[in-house]
Amino acid sequence: MQPLLLNNATWSIGLLPAWGGRIAHLRAEGLDVLLPINAEAFDPLDWPRAGAYPLMPYSNRIRNAHLHFSGRDYPLPAHPAAQPHTLHGVTHTVPWQVLEQSEQQVTIACEYQGGHWPWPFRAEQRYLLDRQRLSIELVLINLGDSPMPAGLGLHPYFQRHPGLKVQYRVGREWQIDDQYLATGATREVTQAQLIDADDVQAMAHYQSGWDGQLQLDYPSGRLCLNASLPLSHLVAFAPARSPYLCLEPVSHLADAFNQPPDSWAQNGTLELAPGQHLEATLDLSWQRR
């Protein structure tokens, strides 16, 4: 499928709205920041491990595909790759529509009402190029008639270039089990987190207290990502020998929605009243060396 393109002197971004609102490629002065999507077809249950996609109305897993919220139980479809759990919401599996498009800006949206989520909702993504800056806005709207748990985020596959080094700061590391679910145990983090793409093997980190700043240093330049609230959690994931690093700005912990309300401030669960919006912005800037 031919991607929808936005270009300026710094950035080239290709979007695939019909493929779950994905970013097909992102280049800064010709450098592939994201591993490009080269697939010929799209399978919504076995998506390309490349590009980037939106995480709405939640990120990561819901344990045993069972949601307990506000005194009610909701069975959800388990994902084949994460049995018996769900995986990464639903917006990245359904087609999006183009609402607005100009040379430097595009808005895409989707509305969902189906078996994967008990509430109807609307999701939007807005992309804006402004010289060295790329702005991505994520919006989630509850279209139902009762409050729903809500979260959002972005799942990028940063290409692992030789010499790439990543730096960021968080306040807490969550211990996870072999199902990629938090055990409840945590440790405080005081030092900056450093990832050397030449040395890192397999990794899986669930972290919170993130200040929203992510710095990726390449031999040719520096990419700075600035994420707004509520994106206070970060997932850092890479399988062994993968050509990518997943550095995912998200609003909440895996399975956060099943946790009691007195833990929501720590795990990032948010509640949207009928008609209420949840929004976040990610600004990416590029500096040449």
Side-chain angles (χ1 to χ4, degrees), residues 54-79 81-92 112 115-121 123 138-142 144-155 170-189 193 203-212 227-237 246-274 276-280:
L55 299 169
M56 291 187 275
Y58 64 88
S59 72
N60 218 293
R61 289 155 173 77
I62 293 180
R63 186 188 297 272
N64 295 323
H66 175 267
L67 175 63
H68 180 81
F69 182 77
S70 193
R72 293 189 61 181
D73 293 294
Y74 303 93
L76 303 173
H79 193 282
Q83 291 276 8
H85 317 296
T86 68
L87 188 61
H88 291 325
V90 67
T91 55
H92 70 291
Y112 181 81
H116 190 96
W117 194 241
W119 297 266
F121 66 85
L138 307 174
V139 180
L140 177 66
I141 308 168
N142 180 4
D145 56 10
S146 64
M148 77 173 194
L152 41 68
L154 189 70
H155 193 306
V170 293
R172 176 173 295 172
E173 174 96 18
W174 295 75
Q175 184 183 84
I176 60 176
D177 60 22
D178 60 0
Q179 298 290 303
Y180 296 104
L181 288 162
T183 66
T186 65
R187 66 176 178 87
E188 299 305 301
V189 179
Q193 305 294 286
M203 67 175 184
H205 299 286
Y206 291 4
Q207 298 168 320
S208 61
W210 179 44
D211 64 4
S228 74
L229 290 174
L231 302 177
S232 60
H233 291 242
L234 190 74
V235 176
F237 174 78
C246 294
L247 304 168
E248 307 162 36
V250 296
S251 61
H252 62 85
L253 190 67
D255 198 41
F257 298 171
N258 277 324
Q259 306 310 309
D262 61 5
S263 71
W264 285 3
Q266 292 186 359
N267 63 43
T269 297
L270 299 168
E271 182 178 282
L272 281 188
Q276 189 175 8
H277 294 55
L278 180 63
E279 301 180 6

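- Summarising the geometry of Met148 relative to Trp117, their closest heavy-atom pair is SD-NE1, 3.4 Å, with the distance given to 0.1 Å.
- The closest side-chain heavy-atom distance from Ile62 to His85 is not below 4.5 Å.
- Nearest heavy atoms, Ser228 versus Ala280: OG-CA, 3.5 Å.
- Considering only heavy atoms from C-beta on, Glu188 comes within 4.5 Å of Arg172 through its side chain.
- Every residue two or more places apart in sequence or in another chain that forms a side-chain contact (heavy atoms from CB on, under 4.5 Å) with Leu270 is listed here: Pro230, Leu278.
- What you find for Pro149 and Leu67 is that their closest heavy atoms are CG-CD2, 4.3 Å.
- Distance alone, capped at 3.5 Å, places no donor-acceptor pair between the Ser251 side chain and the Gly151 backbone.
- The nearest pair of heavy atoms linking Leu140 to Ala150 is CD2-CB, 3.8 Å.
- At a threshold of 4.5 Å between non-hydrogen side-chain atoms, the residues Leu55 and Val250 count as touching.
- Qualifying side-chain contact (heavy atoms from CB on, under 4.5 Å) partners for Ala254, counting only residues two or more places apart in sequence or in other chains: Asn60, Leu181, Tyr206.
- For the ring pair (Phe, Tyr, Trp, His ring centres under 6.0 Å) test, residues two or more places apart in sequence or in another chain that qualify with His252 are Phe257.
- Judged as a side chain to side chain donor-acceptor pair (under 3.5 Å), and not counting sequence neighbours, His92 has no contacts.
- Here the CZ atom belonging to Arg61 is positioned 12.0 Å from the CG atom belonging to Leu253, to the nearest 0.5 angstrom.
- Under the 6.0 Å cut-off for aromatic ring centres, His155 and His88 qualify, their centroids lying closer than that.
- Residues passing the ring pair (Phe, Tyr, Trp, His ring centres under 6.0 Å) test with His205, sequence neighbours excluded: none.
- Interatomic distance, Leu234 CG to Glu248 CD, rounded to the nearest 0.5 Å: 8.0 Å.
- Across all non-hydrogen atoms, the minimal contact from Leu76 to Pro118 is CD2-CD, 4.0 Å.
- Here Leu152 contributes atom CG and Leu231 contributes atom CG; the two are 6.0 Å apart, rounded to the nearest 0.5 Å.
- Remark: Thr86 pairs with Tyr58 by the side chain to side chain donor-acceptor pair (under 3.5 Å) rule, at least two apart or across chains.
- Considering only heavy atoms from C-beta on, Tyr112 stays 4.5 Å or farther from Pro120 through its side chain.
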(request) Apply side-chain contact (heavy atoms from CB on, under 4.5 Å) to Val235 and Tyr180, showing your working. (result) CA-CA 11 Å; Val235 176; Tyr180 296 104; over 6 Å; no

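- The side chain to side chain donor-acceptor pair (under 3.5 Å) search around Ser263 returns Asn267, not counting sequence neighbours.
- Of all non-hydrogen atoms in Trp210 and Pro249, the two that sit nearest each other are CZ3-CB, 3.5 Å.
- A 6.0 Å sphere centred on CZ of Phe69 holds more than 12 heavy atoms belonging to other residues, nucleotides or ligands.
- The CD atom of Gln266 lies 11.5 Å from the OG atom of Ser232; values are rounded to the nearest 0.5 Å.
- Here the straight-line distance linking atom CE of Met56 with atom OG1 of Thr91 works out to 4.5 Å at 0.5 Å rounding.
- Between Trp119 and Tyr74, the angle of the ring planes lies from 30° to 60°, which puts this pair in the tilted group.
- Under the salt bridge (charged side-chain N to carboxylate O under 4.0 Å, His left out) criterion, no residue pair touches residues 173-187, with sequence neighbours excluded.
- Residues in residues 251-260 take part in these salt bridge (charged side-chain N to carboxylate O under 4.0 Å, His left out) pairs, two or more places apart or across chains: Arg63-Asp255.
- Taking Asp73 as the reference, His66, His68 meet the side chain to side chain donor-acceptor pair (under 3.5 Å) condition, with sequence neighbours excluded.
- Judged as a side-chain contact (heavy atoms from CB on, under 4.5 Å), and not counting sequence neighbours, the contacts of Pro274 are Asn142, Pro147.
- Every residue two or more places apart in sequence or in another chain that forms a side-chain contact (heavy atoms from CB on, under 4.5 Å) with Pro84 is listed here: Asn64, Gln179.
- Glu271 and Gln276 form no side-chain donor-acceptor contact under 3.5 Å, judged by distance and modelled atom types alone.
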